[in-house]
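For ligands, and for the atoms within them, numbers begin at 1 and follow the listed sequence.
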Amino acid sequence: MYFPRSVLITGANRGIGFGLVQQFLKHPEVKIIIATVRNIEYADNLNEIQDSRLHVLPLIVTCDKSIDELVENVTKILGEHQGLNLLVNNAGIAVEYGTKSEPSRQKLLEQLDVNSISPVIISQKFLPLLQKAVANSGNAPNFSIAKSAIITISSRVGSISENTKEMKWSNLLAYQMSKTAVNQFTRTIAIDLESDGILAAAFCPGWVKTDMGSAYAELTVEESTSALVESFAKLTKAHSGGFFKRDLEVIPF
Ligand code: NDP
């Protein structure tokens, strides 16, 4: 099991993002945890945590200026010589939009902007810091989260092979498309960044009791995120470009 010195999690105000922050805080190897939120003033859960390793910073994932300011702030926090070991693209929305919905370009664009386009832009803008981590992470094994990795929280509903009549996802067309796109992004960057020594993987957290997942979901945030972080810590080069359940079981694309 390998843990990062530094990790950044988007959409950490609540739900799975907040759960991931709590899990990483349990590991003393993790020295810097950057939790991004849309509005710091309303980040009550995070603001209550007394731990000098935690840095709460603003980020609206769809705003390039906000991403640029975040990169600047994170660079200062990490210090001159340290890169970022792990970027977790977690922030997401689920727009209700099915095949028979009133056609709406605006709804489709909003869904794709948050879930598919933003992880691409954020990962690209953090690439120099991820590359720096490869060079400056000492003996940490290559293609591990202790060295340099981009993990994207996707969803099983983005799997084309599992999209059959039996699955009957309702009103999830736009959301499914957004997760399929982000899975393709993960596979492509894993290939493109192999020569840089950077790992990329996509995970489905399961059906989780959050505002998005609803109170009827199967898993608590603690159950999902503890399994996720354990799996992240086991990642090796063999996993790069893959799509996994929280226990590291492969999900077909
Ligand atoms: P929640 O709705 O509970 O939380 C979503 C988080 O994303 C919030 O912190 C929210 O910020 C943030 N966010 C949304 N839009 C933006 C934006 N434009 N800029 C910055 N932050 C934003 O969702 P979950 O925790 O359930 O979901 C987390 C991830 O897990 C998502 O990618 C989701 O698709 C995925 N997932 C969830 C499942 C589930 O069952 N819950 C199942 C499969 C996948 P704010 O608090 O400010 O609104």
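When hydrogens are left out, the protein atom nearest atom 38 (C) of ligand 1 is Gly206 O, 3.8 Å; that is the closest non-hydrogen contact. For atom 39 (C) of ligand 1, the closest heavy atom belonging to the protein is Val208 N, 3.6 Å. What sits closest to atom 9 (O) of ligand 1 on the protein, heavy atoms only, is Gly11 O, 3.2 Å. From the protein, the heavy atom lying nearest to atom 17 (C) of ligand 1 is Val61 CG2, 3.5 Å. When hydrogens are left out, the protein atom nearest atom 34 (O) of ligand 1 is Tyr175 OH, 2.6 Å; that is the closest non-hydrogen contact. Closest to atom 1 (P) of ligand 1, if we only count protein heavy atoms, is Arg14 NH1, 3.7 Å. Ranking protein heavy atoms by distance to atom 29 (C) of ligand 1, first place goes to Asn90 O, 3.1 Å. What sits closest to atom 44 (C) of ligand 1 on the protein, heavy atoms only, is Ser154 O, 3.1 Å.
Between Leu228, Ile153, Asn13, Thr36, it is Ile153 that holds the heavy atom closest to atom 35 (C) of ligand 1. Comparing Ser155, Pro205, Gly92 by heavy-atom distance to atom 7 (O) of ligand 1, the nearest is Gly92. Considering Lys209, Lys179, Met212 only, the shortest heavy-atom separation from atom 23 (O) of ligand 1 involves Met212.
No more than 12 heavy atoms of other residues, nucleotides or ligands sit less than 6.0 Å from atom CD of Glu96. A 6.0 Å sphere centred on NZ of Lys209 holds more than 12 heavy atoms belonging to other residues, nucleotides or ligands.
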Output side-chain donor-acceptor pairs under 3.5 Å for residues 246-253, partner residues at least two apart or in another chain, one line each.
residue : atom : partner : partner atom : Å
Asp247  : OD1  : Glu249  : N            : 3.0
Glu249  : OE2  : Lys245  : NZ           : 3.4

Which pairs would a plain distance check flag for residues 33-49, meaning a side-chain donor or acceptor within less than 3.5 Å of a matching protein atom at least two apart in sequence or in another chain?
residue : atom : partner : partner atom : Å
Asn39   : OD1  : Glu41   : N            : 3.1
Asn47   : ND2  : Ile40   : O            : 3.0
Asn47   : ND2  : Ala43   : O            : 3.1

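Between Thr210 and ligand 1, a contact under 3.5 Å exists for at least one N or O pair. At a 3.5 angstrom cut-off on N or O pairs, Ile16 counts as close to ligand 1.
Within the 4.0 Å heavy-atom cutoff, Tyr42 does not count among the residues contacting ligand 1. Within the structure, the closest approach of Ala217 to ligand 1 does not fall below 4.0 Å when heavy atoms are considered. Residue contacts with ligand 1: Ser224 is excluded, as none of its non-hydrogen atoms falls under 4.0 Å. Remark: distances from the non-hydrogen atoms of Gly19 to ligand 1 are all 4.0 Å or more.
Atom CG in Asn142 sits 8.0 Å away from atom NZ in Lys237 (nearest 0.5 Å).
Minimum interatomic distance between Asn171 and Ser101 (heavy atoms only, all atoms of both residues): OD1-OG, 3.9 Å. When every heavy atom of Asn89 is checked against every heavy atom of Ser123, the shortest pair comes out as ND2-OG, 3.1 Å.
Using a 4.0 Å cut-off between charged nitrogen and carboxylate oxygen, Arg156 and Glu162 count as a salt-bridge pair.
Counted by atom type alone, Ser6 and Asn85 present one or more donor-acceptor pairs between their side chains at under 3.5 Å. There is no side-chain donor-acceptor pair under 3.5 Å between Glu222 and Gln22. In this structure, a donor-acceptor pair under 3.5 Å is absent between the side chains of Asn90 and Thr10. Inspection of the Asn136 and Gln82 side chains reveals no N or O donor paired with an N or O acceptor under 3.5 Å.
Heavy-atom contacts of Trp207 reach the following atoms of ligand 1: 40 (O) (cutoff under 4.0 Å). The ligand atoms of ligand 1 that sit less than 4.0 angstrom from a heavy atom of Leu59 are 19 (N), 20 (C). The Gly15 neighbourhood of ligand 1 comprises atoms 3 (O), 25 (O), with distances under 4.0 Å to a heavy atom of that residue.
Ser118 places a side-chain heavy atom less than 4.5 Å from the side chain of Asp113.
Remark: aromatic rings of Phe3 and Phe24 are distant, center separation not under 6.0 Å.
At a heavy-atom distance under 4.0 Å, no atom of Arg156 approaches ligand 1. At a heavy-atom cutoff of 4.0 Å, ligand 1 is contacted by the side chain of Ile93 but not by its backbone. Within the 4.0 Å heavy-atom criterion, neither part of Val37 lies near ligand 1.
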